[in-house]
Amino acid sequence: MKSNSLRDHFTRTNAAKKAKAANNDPRLSAQVLGRRAGIAMVSQSTPISDAPSETDSGAAPENVGGIALKFWNDDQNLSGIQSISHKKELKAELLPSYLPWIEGTIAEGVGGQDDMLVKLMVWCLDTHDFKTAIDIAEYALLNDFVMPEPFIRDVATVFVEQLSDELLSIRKDTDTAVYADLIQRAIDSTTSQDMPDQVRAKLYRAFGDSLKDAKPDEAITAYEIAIKLDDKVGCKKDLAQLTKAGE
């Protein structure tokens, strides 16, 4: 156990160092990579191990460019897949390889715009890694990140809407009570952010769903807020049932 703990600590520390170097190197911006500026690009058919190496005057590719080049290839590969379910399955397979980098980047606390990181937030939401998605969202909001193209809405709105949609999509087959604390955290993190009422209403509906069995009174409050924000949010029946049960 001790050796595993030490190894995990080393991994996180090393990731933080690499993330710091990445955040300070403009060549790792997804937008810069997309413009083929500053670093040679590889096609989606080119293995990452065959990617061009840096010269002695630059940082080693495994320390600076490797993770960005891998993401660029993975993202390009995903863009060529039409099946949404297949895309989500592939993201679930790919995501673990990015987690140390994500943890290291967030550990820095402060950083510049990072398109790759916010795209990975969406990957986390797609694959129901809600804890990591919230970690990224909080970091992105703290540092005033924006969503890259083709996203139109801001970070808070994209995060809240997709989180809510995913939670509501699994409510019939999954006990979302396990996500109650994470949803509360999402609410707290985005309370000061401007977004459409309909989007925030869905988050409160999902919150009510997660509370209705263990904390019905709090669920009633959440449902009432949701309906106040959007009369068509879809939880009037749930609210009526809880209200009647409490009489």
Can you name the side-chain contact (heavy atoms from CB on, under 4.5 Å) partners of [X], sequence neighbours left out?
X	result
Asp74	Lys70, Leu94, Tyr98, Trp123
Asp129	Leu95, Leu99, Cys124, Thr127, Lys131, Thr132
Asp213	none

Do [X] and [Y] belong together in a cluster built from hydrophobic side chains that touch within less than 4.5 Å?
X	Y	result
Ile152	Val155	no
Tyr139	Val146	no
Ile225	Leu239	no
Tyr179	Leu168	no
Ile84	Leu78	no

Compile the donor-acceptor pairs under 3.5 Å between side chains in residues 197-204 and protein atoms, sequence neighbours left out, one pair per line.
from   : atom 1 : to     : atom 2 : distance (Å)
Arg200 : NH1    : Thr190 : O      : 3.0
Arg200 : NH2    : Gln193 : O      : 2.5
Lys202 : NZ     : Glu161 : OE2    : 3.1
Lys202 : NZ     : Asp165 : OD1    : 2.8

If you take all heavy atoms of [X] and [Y], which pair is closest and at what distance?
X	Y	result
Ala222	Phe207	CB-CD2, 4.0 Å
Thr191	Ile187	OG1-O, 2.6 Å
Gly111	Asn143	N-OD1, 3.1 Å
Leu142	Gly109	CD2-O, 3.5 Å
Glu149	Lys119	O-CE, 4.3 Å
Leu120	Phe71	CD2-CE1, 3.7 Å

Nearest 0.5 Å, what's the [atom1]-[atom2] distance between [X] and [Y]?
X	Y	atom1	atom2	result
Ser97	Ile67	OG	CD1	6.0 Å
Leu141	Ser192	CG	OG	8.0 Å
Glu103	Asp135	CD	CG	8.5 Å
Gln162	Leu125	CD	CG	4.5 Å
Leu163	Ile183	CG	CD1	6.5 Å
Trp72	Asn77	CH2	CG	11.0 Å

Is the closest side-chain heavy-atom distance between [X] and [Y] below 4.5 Å?
X	Y	result
Arg185	Glu138	yes
Leu117	Trp101	yes
Tyr223	Asp209	yes
Val122	Phe151	yes
Glu218	Gln184	no

Exercise answer: donor-acceptor pairs, residues 226-235 side-chain atoms, under 3.5 Å, sequence neighbours excluded:
from   : atom 1 : to     : atom 2 : distance (Å)
Asp230 : OD1    : Lys232 : N      : 3.1
Asp231 : OD1    : Lys236 : NZ     : 3.0
Asp231 : OD2    : Lys236 : NZ     : 3.1

Heavy atoms from other residues, nucleotides or ligands near CG of Asp194 exceed 12 (cutoff 6.0 Å):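 Incorrect, the count does not exceed 12.
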salt_bridge(Lys87, Asp126) N-O dist < 4.0 Å: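 Looking at Lys87 and Asp126, the cut-off is not met.
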Polar contact flag, side-chain donor to acceptor under 3.5 angstrom, Ser83-Ser85: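 Their side chains do contain a donor-acceptor pair, which is all the 3.5 Å distance test asks for.
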Partners meeting salt bridge (Lys or Arg N to Asp or Glu O under 4.0 Å) with Lys88 (sequence neighbours left out): Glu166
Under 3.5 Å: donor-acceptor pair, side chain of Asn73, backbone of Leu69: yes
